[in-house]
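Have a look at the structure below, then the notes.
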Number of protein chains: 2
Amino acid sequence: MKDFTNTLREHNLKATPQRLEIINAIYEYGHISIDKLYEEVKNKFSSISLATIYKNINAMIENLLLEEVKLPNEKSVYEIIKDKHSHLLCTKCNNIVDVDIALNTISKEISEKLNFTVQQSDLVLSGICKDCK
Amino acid sequence: MKDFTNTLREHNLKATPQRLEIINAIYEYGHISIDKLYEEVKNKFSSISLATIYKNINAMIENLLLEEVKLPNEKSVYEIIKDKHSHLLCTKCNNIVDVDIALNTISKEISEKLNFTVQQSDLVLSGICKDCK
DNA sequence: CTGACTGCAAACGTTTTGCACGGTA
DNA sequence: TACCGTGCAAAACGTTTGCAGTCAG
């Protein structure tokens, strides 16, 4: 189990046992929904409250440690902030994987043609993953 | 005011006055949130209920007349289903415009490299539009 | 030791449901 | 006329808040 104590402190968050469990679960899953996270953390911290999950998710988002990923036809999932990337969502097994897709060319084109400055791009490609075929 | 009577019937929905007003408002706005839609339709149908708005949005989504557009840091908006396209979201004025971005090349690449069959792609580019600069 | 965090319960906002009535086809 | 749709009120759901007790730094 990876130790996120310093990561949390660097983001101005105290490293409580509950919080370490939460961030670790998110890390291990890669992408996780609130419900799954609650279920998962409850295994090790049976007394944890859903309110604590929400408070922590929000605190970590505010402190730029986590971000929400909105998905078509699905509940949002949360992931640790890392380099820009897109998501592949398998509509059969619901698995999500990160992919590095170059959107710079597209952003540049939009900037030039429409005079719209792109600051952020969110791309989700939905379909069937190789394991589900 | 465009007449959506036949469009509704073709999607197995009765053309009630409320429904015509709802679909027309969505059409005129291009992209609209539930709240704005309720507010807008209430101007012409002061007796309309929020429940009716929800029931209709859901019915039209189920009958493939509408689709939800999930946006980063914003409430979802709804639009009439049309040809595949992406969205530009201005984070200053909150305006949304459709853009035709070719994602086929990307989808093909993903298919070949990762053996993932892309069926749908959702792209939102957020930034500053030309009017807000 | 102090401010931040936890867990509980209550509150809140959003969306859905049940039902009686009314309107479309 | 039969069924679908509307509007109201209540219920359900997901998320946030307030507070008292606890813990990390």
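Predicted model only: the values in this text are computed from it and were never measured. Throughout, a chain's letter reflects where its sequence line sits, starting with A, and its residues are numbered from 1.
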N-O pairing of A/Lys36 and A/Glu39 below 4.0 Å
yes
Selection from C/dT17, C/dA25, C/dG7 that lies nearest to any side-chain heavy atom of A/Ser49:
C/dG7
Taking CD from B/Glu62 and P from D/dG5, how many angstroms apart are they, rounded to a whole number?
11 Å
Under 4.0 Å: is that the gap between some side-chain N or O of B/Thr16 and OP1 or OP2 of D/dG5?
no
With a 4.0 Å cut-off on heavy atoms, is A/Ala59 in touch with a base, just the backbone sugar-phosphate, or nothing at all?
nothing
Hey, is A/Lys82 close enough to A/Asp98 for a salt bridge, meaning N to O under 4.0 Å?
yes
When rounded to whole Å, the CG to P distance for the pair B/Leu13 and D/dC3 reads 18 Å
Would you indicate which nucleotide in D/dG5, D/dG25, D/dG7 comes nearest to any side-chain atom of B/Ile48?
D/dG7
Can you check the A/Ile57 CD1 to C/dT6 P distance for me, whole Å?
12 Å
Rounded to the nearest Å, what distance is computed from the NE2 atom of residue B/His11 to the P atom of nucleotide D/dG5?
14 Å
Mind calculating the distance between OH (A/Tyr38) and P (D/dT16) to the nearest angstrom?
15 Å
Rounded distance in Å - NZ (B/Lys42) to P (D/dT6):
15 Å
Below 4.0 angstrom from OP1 or OP2 of D/dC4, is there any side-chain N or O of B/Asn12?
no
B/Thr5 vs B/Lys75, nearer the 5' end of DNA chain C by closest nucleotide
B/Lys75
Specify the separation, in whole Å, of atom CG of A/Leu50 and atom P of C/dG7.
11 Å
Side chain of B/Thr52 (C-beta onward), nearest among C/dC5, D/dG7, D/dT17
D/dG7
Among D/dA24, C/dA25, C/dT14, which nucleotide sits nearest the side chain of A/Lys14?
D/dA24
Carboxylate-amine/guanidinium contact A/Lys70 A/Asp122, below 4.0 Å:
no
State whether A/Tyr27 and A/Lys2 meet the cation-pi test: NZ (Lys) or CZ (Arg) under 6.0 Å from the six-membered ring centroid, and within 45° of the perpendicular axis.
yes
When you compare the side chain of B/Lys130 with that of A/Leu114, does any pair of heavy atoms fall below 4.5 Å?
no
Looking at D/dG7, does its base get a donor-acceptor pair with the side chain of B/Lys55 below 3.5 Å?
yes
Between P on C/dT6 and CZ on A/Phe45, what's the gap in Å once rounded to a whole number?
9 Å
Is any NZ, NE, NH1 or NH2 atom of the basic residue among B/Lys92 and B/Asp131 found under 4.0 Å from an Asp or Glu carboxylate oxygen of the other?
no
So, does A/Gln18 get its side chain near the phosphate of D/dC23, meaning an N or O under 4.0 Å from OP1 or OP2?
no
Between B/Asp35 and B/Pro17, just flag the one whose closest nucleotide in DNA chain C comes earlier from the 5' side.
B/Asp35
Nearest listed nucleotide, side chain of A/Arg9, among D/dG5, D/dG14, D/dG25
D/dG25
Any side-chain N or O of A/Asn56 below 4.0 angstrom from OP1/OP2 of C/dC5?
no
Listed nucleotide nearest any side-chain atom of B/Ala51, set C/dT6, D/dC8, D/dG5
D/dC8
